[in-house]
Amino acid sequence: MFSKKLAKEMNLQIMHEMYSAYLYLSMASHFEVDNLKGFAHWMKVQAGEELEHAMKFYEFINDRGEKVNLEQIDQPPLEFGTALDVFKMVLEHEQEVTARINLLYDIAVGDKDFASQSFLNWFVDEQVEEEKNASEILETLKMIGDNGNTLFMFDRSLGEREQE
Ligand code: MG
């Protein structure tokens, strides 16, 4: 059974995933004007993935016979600090998303809703990847410190991220 409670939280999750895309697009633009084109590219790829996550929830809600209820999306921040500050924010944001996915899973377990648990398994795995990616970049940025040359090289390497 697909409970009203889980349907409501999954609808909210569409908004959270859309907000993630907004946040990463805002970060992308920040990097563009800072001339860190590789970081900007990485963020745009990330934003595209978040839209795909939103659409997975959208389709699943419809597949379970419920109507999608699109919630208001907040405005993301406009001002960001250094690349290190940005990736601290990315990691914290992804940890919040993980907590959201865990909440959904918890409801699905309580409901004995095995179809939703199966659907959510993908997101559980995905969040492990998201947190790993963010913390690896964060650790690299800590090592780089204020070495401009190394930051430039790292920016180049992030520019090679491919669309998944
Ligand atoms: Mg996501």
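FYI, the numbering just counts along the sequence from 1. Atoms within a ligand are numbered from 1 in the order they appear, just like the ligands themselves. Bear in mind that the values here come from a model prediction, so they are computed numbers and not experimental data.
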(message) Has E94 got a side-chain atom pairing as donor or acceptor with Q127's backbone, closer than 3.5 angstrom?
(response) no
(message) Tell me whether the rings of F57 and F119 are parallel (<30°), tilted (30 to 60°) or perpendicular (>60°).
(response) perpendicular
(request) Measuring from the Mg ion (ligand 1), name the closest N, O or S atom belonging to H53. (result)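 The closest N, O or S atom of H53 to the Mg ion (ligand 1) is ND1.
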(message) Checking one value in my table: which N/O/S atom of E50 lies closest to the Mg ion (ligand 1)?
(response) OE1
(message) I want to know whether W122 and F60 have ring centres closer than 6.0 Å.
(response) no
(request) Run the salt-bridge test on E17 and R100 with the 4.0 Å N-O cut-off and return the result as yes or no. (result)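 Looking at R100 together with E17, the answer is no, because their closest N to O distance does not fall below 4.0 Å.
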(message) Restricting to N/O/S atoms, is E130 within less than 2.8 Å of the Mg ion (ligand 1) or not?
(response)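 So E130 does not count as coordinating the Mg ion (ligand 1).
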(message) Suppose we only count N/O/S atoms under 2.8 Å; would E17 qualify as near the Mg ion (ligand 1)?
(response)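 So E17 does bind the Mg ion (ligand 1) by this criterion.
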